Amino acid sequence: MPAAQNTAQNAAHSPRVTIGVSLKMYFGHHETLNWARSIASLAARHPAVTGGTAELFVLPAFPALVPVTGILAGTEVRTGAQDLATDDSGPYTGEVSGAHLHEIGARYAEVGHAERRRLFGEGDTVVAAKTAAALRNGLTPVLCVGELDQVAPAEAAARTVAEAERVLATASHEGPLGPVVLAYEPQWAIGAPRPASPDHIRTVCESLTGWLSTQPALAGSRVIYGGSAGPGLLTQLGTGVDGLFLGRFAHDPAAVGRILDETLEGALACPTA
Ligand SMILES: O=C(CO)COP(=O)(O)O
């Protein structure tokens, strides 16, 4: 397909910027619902969302998924879970299956976050099994990848592409792959005062995008950056990344509004097919 036609099709079918928010375990229940109401009202009127320049997804805690999905119904904002089980039903105390999540309206499931790897001992095998569980249940995996220690951008890119390749190759043994959101989150930049440098982020995200372009089974995937991301970063990044994965800096809905404003500024482009 000629490049111009391909670009035109992307513009027609996929929003240019993907903005995800994980609330982690920061908010109580009522705080979560109030935040979701603010995001619903923002999304209903913000031209980036209503005009399709930005797509927004939010990942609340499990108990808030049903009410938050209800609050956001009628907007273009989708919801998802911060985790899911490797299996679809059975004796797995405390777990929530992908089938259950899809049934209640979730459309995304986060897997492989650094906090789950570090605090809950999840390794590549579990992350791959959860990725496969999301895909077979109609959920888009938000697969977090990223180097542990701060290293040079080229080394970070090599490690991160290798991680994505490893996890997705293992997931492919369980079933067909499909579009994923690859969330590049350098582990050292999570919960930090500031994000990785724009040069670092661009180098790694462009490598991930380049690798994805060689993987037809993952066509339609996106590459977003997370790790102390907030207002101003998209503008600094310009091209080379498909969006952001927000944590603390989305707690103030006004900050989400400022980030959506940035998606309208025109300097951003979507390099991912
Ligand atoms: O881990 C993150 C998103 O999943 C990033 O969190 P912070 O932006 O709070 O560092």
Side-chain angles (χ1 to χ4, degrees), residues 17-28 31-32 35-36 39 54-62 64-65 68 77-84 101 106-120 122 126-127 130-131 134 139-150 156 159-160 163-164 167 180-198 200-201 204-205 208 221-237 241-260 262-263:
V17 183
T18 301
I19 306 292
V21 181
S22 167
L23 293 179
K24 304 196 182 186
M25 203 183 73
Y26 281 108
F27 288 173
E31 209 175 359
T32 301
W35 179 88
I39 295 298
E55 68 178 356
L56 199 51
F57 68 83
V58 303
L59 313 180
F62 283 129
L65 254 173
V68 167
V77 187
R78 299 290 168 261
T79 54
Q82 297 173 22
D83 189 20
L84 82 168
L101 290 169
R107 292 297 172 261
Y108 291 84
E110 183 177 358
V111 295
H113 192 277
E115 287 148 16
R116 296 217 58 88
R117 284 183 178 269
R118 189 178 75 249
L119 302 171
F120 303 102
E122 295 188 1
V126 166
V127 175
K130 290 185 173 187
T131 302
L139 303 167
T140 301
V142 181
L143 171 58
C144 300
V145 287
E147 75 278 10
L148 182 61
D149 309 307
Q150 190 164 4
R159 290 188 195 176
T160 303
E163 182 185 1
V167 168
V180 304
V181 174
L182 273 185
Y184 170 51
E185 297 214 326
Q187 299 189 32
W188 52 270
I190 297 171
R194 65 190 66 82
S197 71
H200 188 106
I201 296 170
V204 178
C205 289
L208 286 168
S221 294
R222 321 270 299 157
V223 176
I224 63 177
Y225 170 80
S228 307
L233 183 61
L234 270 182
T235 305
Q236 281 183 279
L237 289 172
V241 43
D242 295 329
L244 297 179
F245 193 23
L246 304 167
R248 289 158 297 147
F249 297 110
H251 290 178
D252 176 3
V256 179
R258 290 203 294 283
I259 291 165
L260 291 175
E262 288 176 64
T263 70

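Quick caveat: nothing in here was measured; it's all calculated off a predicted structure. Both counts, for ligands and for their atoms, begin at 1 and track the order of listing.
- Residues Glu185 and His113 have side chains that bring a donor and an acceptor to within less than 3.5 angstrom of each other.
- When each of Pro198, Cys205, Ser197 is tested with Ile201 by the rule side-chain contact (heavy atoms from CB on, under 4.5 Å), just one qualifies, namely Cys205.
- For ligand 1, the polar-atom distance check finds no N/O of Tyr26 at less than 3.5 Å from any of the ligand's N/O atoms.
- Listed by number with element, the atoms of ligand 1 under 4.0 angstrom from any heavy atom of His113 are 1 (O), 2 (C), 4 (O).
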Fill in: Derivation and outcome, salt bridge (Lys or Arg N to Asp or Glu O under 4.0 Å), residues Glu115 and Lys24
CA-CA 10 Å; Glu115 287 148 16; Lys24 304 196 182 186; 2.8 Å; yes
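- Ion pairing between a basic and an acidic side chain is recognised when a charged N comes within 4.0 Å of a carboxylate O; Lys130 and Glu122 show such pairing.
- Scanning both residues, Ala192 and Ser228, for their nearest heavy atoms gives O-OG, 2.8 Å.
- Every atom of ligand 1 is numbered from 1 in the order shown, and the set under 4.0 Å from a heavy atom of Glu185 is 1 (O), 2 (C), 3 (C), 4 (O), 5 (C).
- Atoms of ligand 1 found under 4.0 Å from any heavy atom of Ser228 (numbered from 1 in listed order, with element): 7 (P), 8 (O), 10 (O).
- For atom 6 (O) of ligand 1, the closest non-hydrogen atom of the protein is Lys24 NZ, 3.3 Å.
- Within the 4.0 Å heavy-atom shell around ligand 1 one does not find Glu115.
- Side chains of His200 and Tyr184: a donor-acceptor N/O pair is present below 3.5 angstrom, by distance only.
- When only interatomic distances are considered, the shortest N/O to N/O separation between Arg248 and ligand 1 falls below 3.5 Å.
- Considering backbone and side-chain atoms alike, Gly191 places an N or O below 3.5 Å from some N or O of ligand 1.
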